[in-house]
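On a predicted model such as this, the values are computed, not experimentally measured, just so you know.
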Amino acid sequence: MNFYDRHPISEQQVLAAVARRRGGDLSRLTPDDLFEFDQDHYGGLKAVDDVARRAGITAASRVLDVCAGLAGPARFLASRRGCRVLALELHAGRAAGAARLNRLVGLDGLVSVVRGDATALPFRDGSFDACVSQEALLHVDDKLAVLAGCRRILVPGGRFVFTDWIARATLGERERARLAEWMAATTLQSLDGYRALLGRAGFVRVETEDLSDEWRPLVKARLATFRATGMDTAARLGEARVREYEQLYAFFVGLVEDGKLGGGRLSGSA
Ligand SMILES: C[S@@+](CC[C@H](N)C(=O)[O-])C[C@H]1O[C@@H](n2cnc3c(N)ncnc32)[C@H](O)[C@@H]1O
């Protein structure tokens with residue numbers, strides 16, 4: 001079963017949270033009504049803004065968001081910068097949910113959704129000015145294929161900026177195996193590993209930033225949020241899944257606190 005079939009962040013849970021906040025009223029929603037709930041990465045809207053700034057995104061940019069989830073970051077970019085964003089997402093439910101949420105808040109003119117695999121981008125060479133991705137490449141075995149694809153679809157000089165989990169040398173094989181089994185996290189890279197892959201994919205002006213210190217409190221806060229919304233998750237996925245998810249997330253938080261896992265932001269120019 002796909003990890004995202006049984007994930008606490010879903011279209012249904014986003015709308016349940018928004019409804020609760022608005023006393024049950026889901027009429028005339030704006031993108032801002034969703035932002036507290038539709039971002040599936042660490043650091044919320046500030047993290048999207050940090051990525052956007054490094055990618056040089058303006059109203060004129062054609063932006064590709066790779067592994068876009070429910071397209072929360074894509075809607076934020078479109079609503080704040082006025083740019084067009086194409087949200088590429090593999091999971092059928094998430095891609096459909098992303099498209100419905102775009103329509104619900106009136107952003108379907110600027111944000112479109114394509115269901116597809118990041119390792120085989122279905123776009124023409126040089127068709128985007130900027131490419132972004134947040135907390136997603138951890139799920140992809142063949143990271144070089146994703147990076148090479150992003151390089152190919154960018155115009156010359158276009159910038160690719162992404163954030164992801166970063167593995168340290170102290171992360172053991174058994175811990176890697178548990179992360180793979182429980183959270184579909186695979187071939188985790190160090191910052192240097194990513195730097196080398198970006199070079200092999202043809203990127204220049206590569207920059208890497210270690211975000212681990214910023215992420216440590218954020219991943220703990222995420223566990224607290226998950227516990228606070230356990231009711232919604234239980235209604236959708238059952239009590240057993242809530243307990244299982246809490247356990248695996250606590251394991252992940254432990255690795256971050258022990259410094260075996262961290263976060264990084266990476267950028268390169270085509
Ligand atoms: C942690 S979520 C991040 C979503 C989004 N970037 C955000 O910040 O809200 C990771 C997403 O990557 C998607 N994904 C995983 N492997 C993928 C692939 N090979 N191609 C496209 N999407 C993929 C998952 O389905 C999931 O929606």
Side-chain angles (χ1 to χ4, degrees), residues 3 40-43 46-57 64-67 73 88 117-121 128 130-154 156-220 222 251-270:
F3 178 64
D40 191 3
H41 56 262
Y42 304 110
K46 178 182 179 298
V48 187
D49 208 47
D50 289 342
V51 164
R53 237 177 314 110
R54 283 162 179 77
I57 294 173
L64 175 64
D65 186 353
V66 178
C67 307
L88 180 98
D117 188 337
T119 61
L121 296 177
F128 291 92
C131 183
V132 298
S133 182
Q134 289 175 275
E135 276 75 299
L137 297 197
L138 64 113
H139 296 306
V140 182
D141 259 335
D142 190 351
K143 293 177 174 33
L144 181 57
V146 180
L147 303 185
C150 293
R151 158 84 180 72
R152 180 183 65 73
I153 57 85
L154 279 170
R159 200 121 175 108
F160 176 39
V161 184
F162 69 100
T163 52
D164 199 15
W165 294 7
I166 294 300
R168 294 269 167 60
T170 48
L171 185 69
E173 281 311 314
R174 283 177 57 183
E175 290 158 337
R176 279 182 180 266
R178 267 178 107 178
L179 288 171
E181 187 190 340
W182 283 6
M183 299 180 101
T186 176
T187 59
L188 298 177
Q189 298 294 307
S190 62
L191 279 181
D192 284 346
Y194 261 139
R195 176 182 281 283
L197 285 179
L198 282 161
R200 282 175 66 193
F203 282 100
V204 295
R205 292 177 46 228
V206 170
E207 282 170 23
T208 65
E209 297 166 83
D210 193 331
L211 302 181
S212 305
D213 288 341
E214 274 176 47
W215 276 26
R216 218 165 286 121
L218 297 176
V219 298
K220 276 180 85 169
R222 187 82 173 259
F251 169 67
F252 165 69
V253 172
L255 294 177
V256 173
E257 288 193 323
D258 291 347
K260 295 180 176 183
L261 263 185
R265 183 166 45 227
L266 300 105
S267 355
S269 292

>> How long is the straight-line distance from CG of L188 back to CG of D164, given to the nearest 0.5 Å?
In response: 7.5 Å

>> Rounded at 0.5 Å granularity, tell me how far CH2 in W215 sits from CD in E257.
In response: 15.0 Å

> Nearest heavy-atom pair of L121 and R152: which atoms, and what distance?
Replying inline: O-NH2, 2.9 Å

> For H41, which residues count as a side-chain hydrogen bond (donor to acceptor under 3.5 Å, both in side chains) partner, sequence neighbours excluded?
Replying inline: none

Kindly list each side-chain donor-acceptor pair under 3.5 angstrom involving residues 262-270, sequence neighbours excluded, with atom names and distances?
| residue | atom | partner | partner atom | Å |
| --- | --- | --- | --- | --- |
| R265 | NE | E209 | OE2 | 3.1 |
| R265 | NH2 | E209 | OE1 | 3.0 |
| S269 | OG | R159 | NH1 | 2.6 |
| S269 | OG | R205 | NH1 | 3.0 |

> side-chain contact (heavy atoms from CB on, under 4.5 Å) with A196: which residues, sequence neighbours excluded?
Replying inline: none

>> Suppose we screen for ring pair (Phe, Tyr, Trp, His ring centres under 6.0 Å). Which residues come up paired with F160, at least two apart in sequence or across chains?
In response: F162, F203

> By side-chain hydrogen bond (donor to acceptor under 3.5 Å, both in side chains), which residues pair with D117, not counting sequence neighbours?
Replying inline: T119

>> Once side-chain hydrogen bond (donor to acceptor under 3.5 Å, both in side chains) is applied, do any residues pair with D49, and if so which ones, sequence neighbours excluded?
In response: R81

> Who passes salt bridge (charged side-chain N to carboxylate O under 4.0 Å, His left out) against D210, sequence neighbours left out?
Replying inline: R168

>> Just to verify, what does T187 make a side-chain hydrogen bond (donor to acceptor under 3.5 Å, both in side chains) with, not counting sequence neighbours?
In response: K143

> Looking only at heavy atoms, which two atoms of Q134 and P73 are closest? And how far apart?
Replying inline: OE1-CB, 3.6 Å

> Between M183 and W165, what is the shortest heavy-atom contact and its length?
Replying inline: SD-CH2, 3.9 Å

> How many angstroms lie between CG in L218 and NZ in K220, if you round to the nearest 0.5 Å?
Replying inline: 12.0 Å

> Which pairs, with at least one residue in residues 172-186 and sequence neighbours excluded, count as a side-chain hydrogen bond (donor to acceptor under 3.5 Å, both in side chains)?
Replying inline: D141-T186, E175-K260

> Looking only at heavy atoms, which two atoms of A136 and S133 are closest? And how far apart?
Replying inline: CB-OG, 4.0 Å

> Taking side chain as C-beta onward, heavy atoms only, is L179 less than 4.5 Å from L255?
Replying inline: yes

>> Tell me every residue that passes side-chain contact (heavy atoms from CB on, under 4.5 Å) with A118, counting only those two or more places apart in sequence or in another chain.
In response: V66, C67, L88, V146

> Distance from L211 atom CG to T163 atom OG1, nearest 0.5 Å?
Replying inline: 7.0 Å

> Do T208 and I166 come within less than 4.5 Å of each other through their side chains, counting heavy atoms only?
Replying inline: no

>> According to salt bridge (charged side-chain N to carboxylate O under 4.0 Å, His left out), who are the partners of D213, at least two apart in sequence or on a separate chain?
In response: R216

> Who are the side-chain contact (heavy atoms from CB on, under 4.5 Å) partners of R222, not counting sequence neighbours?
Replying inline: I9, D40, Y42, Y249

> So which of V161, V132, V48, V51 actually passes side-chain contact (heavy atoms from CB on, under 4.5 Å) with I57?
Replying inline: V132

>> Determine whether V219 and L261 satisfy the following criterion, side chain to side chain contact (heavy atoms under 4.5 Å, CB included), listing intermediate values before the conclusion.
In response: CA-CA 11 Å; V219 298; L261 263 185; over 6 Å; no

